Amino acid sequence: MTVVSDSLSRPALPQRRRGQATRPGLESERWHGYLFIAPAFIFLCAVIVVPLVKAFWTSLERTRGLNTIFVGFDNYARVLESEAFWNSLRVSLSFTALCVAMHVAIGLGLAMLLNRVVHARAVLRVAFLTPWMVAPAIGSTVWLWLLEPQFGVVNYLFSAVGLIDSYKAWLGEPSLAFGSIVAVDVWRGVPFVMLLLLAGLQTIPVEQYEAAGIDGASPLQQFRYITLPNLKYFIVVASTLDIINTIRMFDIIAVMTGGGPIGATEVLPALLYNTAFRANHFGEAAAIGVLLLILVLAFSVLYVGLTRTHAQEGSR
Amino acid sequence: MTRVTLTPADILRWALILAALAVTLFPFYWMVNTSLKPGPEVFQSPPTFFSANWSFDAYRVVFETRPIGRYLLNSLIVSVGATALSVVLSALAAYGFTRFFVRGAAAFVLFLLFTKMLPETLLIIPYFQIMASLGLVDTYLALILAYSSFALPFSVWMLIGFFRTIPRDIDEAAIIDGASRLQTFFKVILPLARPGLVAVALFTFIIAWNSYVWALVLTTDANMFVVSVGIANLVGEYRVQWNELMAASVIAALPVMILYGFLNRHLVSAITAGAVKA
């Protein structure tokens, strides 16, 4: 198996084989395994499981002033009745769909270009990865300057080549702000998909293309009948991972718009953050978080199912 | 070296690659370009793409007038702390997983995978409540615990892969020679796993260094800001000094860029293991 598909599947763990002779000195200390794992296990319970349970509990409570009362699923009802939530869900889903589609389309194109490059591929790969390496908060700060309405270079360049006839407030108008956020996320997210698909392309035997070339297949036919079928698994896995990452993305929005103007970029994590830390409604924010979690978990289950099926097919 | 002949297809390919590269790297060029300009030239229209007036003045000024040094120190302390904690815990766990039959191991690894996918904004609420009730807001400890918690699943995941490549016969030979399990782990296996440990440590450091939202919520005192929060905070000022802001951004981005240089080989396995929080 290749490095990628190997790391996409779950790591192999020791299996106890039936009737296996116990090795001297090892079987007797089997419980040592638990001792080695215990610190990490206890730590994760303390810093992930406890907060997760508390988040769920918080979603059932309401705090006003100094009083906290149990309200059952009332927070969920309020959230589901609010226009802000449905707007946010719409923004989140269209943001994720647009970004992932463009990550995959551009990432695949770039990966195919780079796959044919013989010289300087390692250097190019690192160069293309830079947007993904730098902290999203820092990258977004740079984009704030690029998109600045009066002195930003984007306005200058776009009007110089005639794309726009007047300087735009890129983050000030709802539709422009949404488009700008998508553009920044595409800039940041393409390398991730490109790297995965490039690794996938390298698993396709060159002989397949050579044979197709001899048989007179056009480049388009080669793409359709060799590249796509071979790459299908990589594309599906990369998209699923990318959906999970993009739907949770908050840093870019936190730095660039905070969810505005008038909710145009308020994805679910932004709505959650604003509800919790601006409006101080922790209960409703936690309810939004649980709903977001359900959405992410659905895709996570899909991801695990995909990689597991693939690993089983691979080992057959 | 074979002779390189360029076909029209090659030329088209390189034109596309260079165009994509230009779009990818332009923001970085503009960041550096702006950081080197003197204040008045930043607001010049049309903007200058090269300037005879390039200097490092903005870097000096931003260090003198803003607590950038303090932000960097905070980021460094928190990132190193999180890295140390996470690498120790994950190395122990990965050893346990690869050397012993552990009941429920598969379930635990699956649990690790799910924790990597949790929306961090959901966890921040209870985490903030807990830290506030323990009086740990504005402490390094709160951030170190938070960063280790989301780096740990990834580290365990990657280290299981590395430890698996070290034959178990080596452990058994050490034990037959009279070493205890812990001695075997520390003196025999860890040195062999060093390349893997270094890679995991560097990735953890980058995750912590690049993180933003947790520090945004868990620090209120400007003296405790990490570099990402400190820089984003400068944007909110009345009149932003973009050359100084870009200088600060270059300083914050540089360590990560350098570390990635060392990590090129591990990128694919790390990226799929969820090395970077999107």
Side-chain angles (χ1 to χ4, degrees), chain A residues 3-4 7-8 10-11 13-14 16 25 30 32-33 36-37 39-40 43-44 47-48 51 54-55 58 110 113 116 126-128 130-131 133-135 137-138 141-142 144-146 151 153 156 192 195 199 244-245 248-251 254-255 269 272-273 276 282 285-286 289 292-293 296 300 304, chain B residues 13 16-17 20-21 24 27-28 30-31 43 46-47 89-90 92-93 95-97 100-102 105-106 109 113-115 117 119 121-123 125-127 130 145 149 152 156 160-161 164 175 181 210 212-213 217 228 231-232 235 242 249 252-253 256-257 260 264 267-269 271-273 278:
Chain A
V3 184
V4 186
S7 56
L8 287 177
R10 297 185 298 135
L13 299 168
R16 184 166 48 180
R30 226 182 64 195
H32 284 193
F36 276 102
I37 294 161
F43 180 76
L44 279 182
V47 294
I48 298 218
K54 187 168 166 52
T58 303
L110 274 180
L113 286 171
R116 292 293 182 86
V126 175
F128 274 111
T130 37
M133 295 171 182
V134 72
I138 301 294
T141 306
V142 175
L144 273 180
W145 169 227
L146 294 169
F151 305 102
V153 72
Y156 169 75
F192 172 82
L195 192 66
I244 293 169
N245 287 337
R248 297 182 304 172
M249 161 55 79
F250 179 52
D251 287 10
V255 171
L272 193 169
Y273 180 88
F282 277 54
L292 174 63
L293 176 66
V296 174
S300 306
V304 172
Chain B
R13 178 177 310 124
L16 286 171
I17 288 176
L21 202 57
T24 303
F28 295 105
W30 205 248
M31 167 172 81
F43 298 108
L89 293 178
S90 58
L92 286 168
Y95 186 75
F97 278 126
F100 302 91
F101 171 77
V102 177
V109 171
L113 181 66
F114 276 114
T115 60
M117 295 176 177
T121 36
L122 168 63
L123 289 176
I125 296 172
Y127 198 79
I130 293 168
L145 292 176
S149 77
L152 189 65
V156 174
I160 287 178
R164 220 174 47 190
I175 285 168
R181 257 300 165 189
N210 279 357
Y212 174 69
V213 189
V217 171
S228 59
I231 287 176
V235 180
W242 287 104
S249 302
V256 173
M257 297 290 173
Y260 267 110
N264 201 9
L267 276 179
V268 173
S269 50
I271 202 176
T272 51

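Since this is a predicted model, take the numbers as computed values, not measurements. Residue numbers start from 1 in every chain, and the chains themselves are labelled A, B, ... in the order their sequence lines are given, proteins ahead of strands.
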So, using side chain to side chain donor-acceptor pair (under 3.5 Å) as the criterion, who are the partners of Trp145(A) when residues are at least two apart? Thr34(B)
Quick one: what part of Ala252(B) sits under 4.5 Å from any heavy atom of chain A, side chain, backbone, both or neither? side chain
What part of Ile244(A) gets closer than 4.5 Å to chain B, counting heavy atoms only: side chain, backbone, both or neither? side chain
Side chain, backbone, both or neither: which part of Thr141(A) has a heavy atom under 4.5 Å from chain B? both
I'd like to know which of Leu21(B), Leu123(B), Ile231(B), Val156(B) tops the heavy-atom pair count under 4.5 Å against chain A. Leu21(B)
Would you mind reporting whether Leu152(B) and Leu44(A) have side-chain heavy atoms less than 4.5 Å apart? yes
Would you mind reporting whether Phe114(B) and Val296(A) have side-chain heavy atoms less than 4.5 Å apart? no
For residues Ile48(A) and Ser149(B), report the shortest heavy-atom separation together with the two atoms involved. CD1-O, 3.8 Å
So, for Phe128(A) and Ile17(B), which heavy atoms are closest and what is the spacing to 0.1 Å? CZ-O, 3.6 Å
Ignoring hydrogens, what is the shortest heavy-atom contact between Val153(A) and Pro47(B)? Give both atom names and the distance. CG2-CG, 4.3 Å
As an exercise: rank Leu113(A), Ile138(A), Leu144(A) by heavy-atom pairs under 4.5 Å with chain B and give me the winner. Leu113(A)
I'd like to check Val235(B) versus Val255(A) (side-chain heavy atoms, cut-off strictly below 4.5 Å). Are they in contact? no
Tightest non-hydrogen contact, residues Pro51(A) and Tyr127(B), listed as CG-CD1, 4.3 Å
So for Leu293(A), is it side chain, backbone, both, or neither that comes closer than 4.5 Å to the heavy atoms of chain B? both
What is the distance from atom CG of Leu146(A) to atom CH2 of Trp242(B), rounded to the nearest 0.5 Å? 9.0 Å
Side chain, backbone, both or neither: which part of Ala55(A) has an atom under 4.5 Å from a heavy atom of chain B? both
Which bit of Ser249(B) comes within less than 4.5 Å of chain A, counting heavy atoms only: side chain, backbone, both or neither? both
Check whether any side-chain heavy atom of Val217(B) sits under 4.5 Å from a side-chain heavy atom of Tyr273(A), and report yes or no. yes
I need the Thr130(A) OG1 to Phe28(B) CZ distance, nearest 0.5 Å. 4.5 Å
Distance-minimising heavy-atom pair for Arg248(A) and Pro119(B): CD-CA, 3.6 Å
Nearest heavy-atom approach of Thr121(B) to Leu272(A) is O-CD2, 3.5 Å
For Val256(B), is it the side chain, the backbone, both or neither that has a heavy atom under 4.5 Å from a heavy atom of chain A? side chain
